[in-house]
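Let me begin by presenting the structure, written as structure tokens, before commenting on it.
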2 protein chains.
Amino acid sequence: MKTISRKQEIIATATRLFYEKGYTAVSMRDIATAMDIKAASLYNHIKSKQEILSEIILKVAEEFTVGMENVLAENSSAIKKVEKVIELHIDITVNHSEALAALNNDWMHLEEIDLRSFVKMREDYEENFRSIIKQGIEAGEIKPYHPEVILFSILSTLRTLYLWYQKRGKVDVNILKKDMVSVLIKGIV
Amino acid sequence: MKTISRKQEIIATATRLFYEKGYTAVSMRDIATAMDIKAASLYNHIKSKQEILSEIILKVAEEFTVGMENVLAENSSAIKKVEKVIELHIDITVNHSEALAALNNDWMHLEEIDLRSFVKMREDYEENFRSIIKQGIEAGEIKPYHPEVILFSILSTLRTLYLWYQKRGKVDVNILKKDMVSVLIKGIV
DNA sequence: GTCTATAGGATGATAGAC
DNA sequence: GTCTATCATCCTATAGAC
């Protein structure tokens with residue numbers, strides 16, 4: 001078992017503080033104080049505040065991207081793929097619930113290169129999810145509602161799941177998956 | 001037709017900027033520049049930055065509170081009440097889409113008195129919605145899924161509707177209501 | 001790897017002239 | 001009602017000692 005590096009410790013502390021107050025409202029002094037060191041010491045491990053944000057957001061964004069690619073690579077029905085996407089969100093929520101606050105609310109404070117990279121990943125993700133739903137409708141597996149409404153309705157629930165997951169005190173993952181799949185899917189099949 | 005006061009102009013400008021970058025990332029200078037005046041001039045109309053935030057958030061929060069009271073006062077089925085709640089969210093989204101960003105993401109920066117007042121309203125609102133759903137389940141109108149999952153799933157979609165509404169370019173309200181009600185309700189009845 | 005000291009600039013807010 | 005000038009404080013980040 002490797003002990004986590006000082007850099008990872010900084011990122012973990014920042015992730016929690018960003019979750020509580022948002023990126024802009026948290027100062028380098030806040031992060032340092034929470035670690036019982038001085039703000040200047042942080043710069044021995046990271047090069048800027050934006051780098052911290054970038055590491056938090058892009059790491060999780062890449063997990064979504066890889067997860068979606070795996071779902072697309074499957075040889076299964078559209079409805080089964082939607083189920084897999086729901087499970088992907090739940091797994092990431094369980095493992096990185098606090099990081100999702102930054103990803104949802106503070107992505108616009110990324111520096112330009114990272115911002116472009118993030119927006120691209122998010123757009124691709126939505127587009128992939130959209131085509132799964134459209135294929136499901138064409139195949140007659142999913143009811144012919146406006147695909148955009150279905151996409152938005154499922155995605156907005158999954159994207160804010162981290163807020164609820166924190167509040168409820170870490171429900172059992174498998175029960176969560178079963179119930180979420182029921183509620184989100186039963187309405188559209 | 002009364003022309004809007006300078007104070008309302010400040011609030012409208014701040015609402016837009018808070019929507020784009022978040023409360024903490026927007027300075028009084030930013031607000032003033034957007035109005036083509038100097039930051040010091042703002043203080044002739046408002047007493048602090050937090051007062052602006054408070055006016056934005058509490059005004060909309062009160063609309064939700066009043067709207068929910070009207071729904072509860074109705075003599076109708078639980079499922080009809082859920083429909084009315086969905087329509088309430090859509091109406092508020094259409095009329096105050098930018099203010100909903102502050103309400104969703106910046107409420108924690110309210111000063112203490114307003115913070116308490118806001119949290120109370122939000123908790124009461126959720127509790128009222130929860131009991132409508134529970135009554136619907138007891139009456140056999142709503143499927144007996146975990147009420148918390150139903151509550152969260154509907155509420156998180158409605159709460160982030162403002163993001164989607166902005167992006168889609170102002171869909172027709174009545175079409176939006178019909179589609180949202182279908183997608184959100186059909187899964188649980 | 002952490003510290004003190006500090007640069008250089010932004011921030012919310014006030015005082016007082018016009 | 002807006003301005004200029006300014007205060008006191010906070011901010012990110014760097015330099016250099018230990």
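Basis for what follows: all heavy atoms, side chains included, without hydrogens, waters or symmetry-related copies. Residue numbers begin at 1 in each chain, while the letters A, B, ... track the order of the sequences.
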- [ ] May I have the distance from B:Asn44 (atom CG) to D:dC3 (atom C1'), rounded to whole angstrom?
- [x] 11 Å
TODO: Verify, without hydrogens or angle tests, whether A:Glu83 (side chain) and A:Val181 (backbone) share a donor-acceptor contact under 3.5 angstrom.
DONE: no
Open item on the list: For a quick test of reading the model: is some side-chain N or O of B:Tyr43 closer than 4.0 Å to OP1 or OP2 of C:dT14?
Closed with: no
Nucleotide N/O to protein N/O under 3.5 Å, stretch nucleotides 16-18 of chain C:
none

TODO: To the nearest Å, give me how far apart NZ (A:Lys47) and P (D:dT14) are.
DONE: 10 Å
Task: Value in whole Å for how far the C1' atom of C:dT11 lies from NE2 of B:His109 - done: 15 Å
TODO: Compare the minimum distances between each of D:dC11, D:dC3, C:dC3 and the side chain of A:Arg29, then state the nucleotide with the smallest one.
DONE: D:dC11
- [ ] Compare side-chain N and O positions of B:Ser41 against OP1 and OP2 of D:dG1 and report whether any pair is under 4.0 Å apart.
- [x] no
Task: d(CE, B:Met28; P, D:dT2) in whole Å - done: 13 Å
Open item on the list: Using OP1 and OP2 only, check whether a side-chain N or O of B:Lys49 sits under 4.0 Å from C:dG12.
Closed with: yes
Task: Distance in angstrom units between A:Asp30 CG and D:dA13 C1', rounded - done: 16 Å
- [ ] Round to the nearest Å and state the distance from B:Lys38 atom NZ to C:dG12 atom P.
- [x] 16 Å
Open item on the list: Is it the case that the ring center of B:Tyr162 lies less than 6.0 angstrom away from the ring center of B:His96?
Closed with: no
Task: Plane angle bin for A:Phe64 and A:Tyr125 - parallel if under 30°, tilted between 30 and 60°, otherwise perpendicular - done: perpendicular
- [ ] Output yes when at least one side-chain N/O atom of B:Ser27 is less than 4.0 Å from OP1 or OP2 of C:dA10, else no.
- [x] no
Open item on the list: Can you pull out every ring pair (Phe, Tyr, Trp, His ring centres under 6.0 Å) where at least one residue sits in residues 65-88 of chain A? Sequence neighbours excluded, please.
Closed with: none
Task: Closest nucleotide among D:dA5, C:dG1, C:dT4 to the B:Ala40 side chain - done: D:dA5
TODO: State whether A:Tyr23 and A:Lys49 meet the cation-pi test: NZ (Lys) or CZ (Arg) under 6.0 Å from the six-membered ring centroid, and within 45° of the perpendicular axis.
DONE: yes
Task: Sidechain-backbone polar pair: A:Asp114 side chain, A:Leu110 backbone, donor-acceptor under 3.5 Å - done: no
TODO: Send over the distance from B:Ile46 CD1 to D:dG1 C1', rounded to a whole Å.
DONE: 14 Å
- [ ] Could you check how far CG of A:Asp36 sits from P of C:dG1, rounded to whole Å?
- [x] 17 Å
Open item on the list: Checking the side chain of B:Glu141 only, and the main-chain atoms of B:Ala78 only, is there a donor and an acceptor separated by less than 3.5 Å?
Closed with: yes
Open item on the list: Can you say whether a donor on the side chain of B:Arg6 sits under 3.5 Å from an acceptor on the base of D:dG1, or the other way round?
Closed with: no
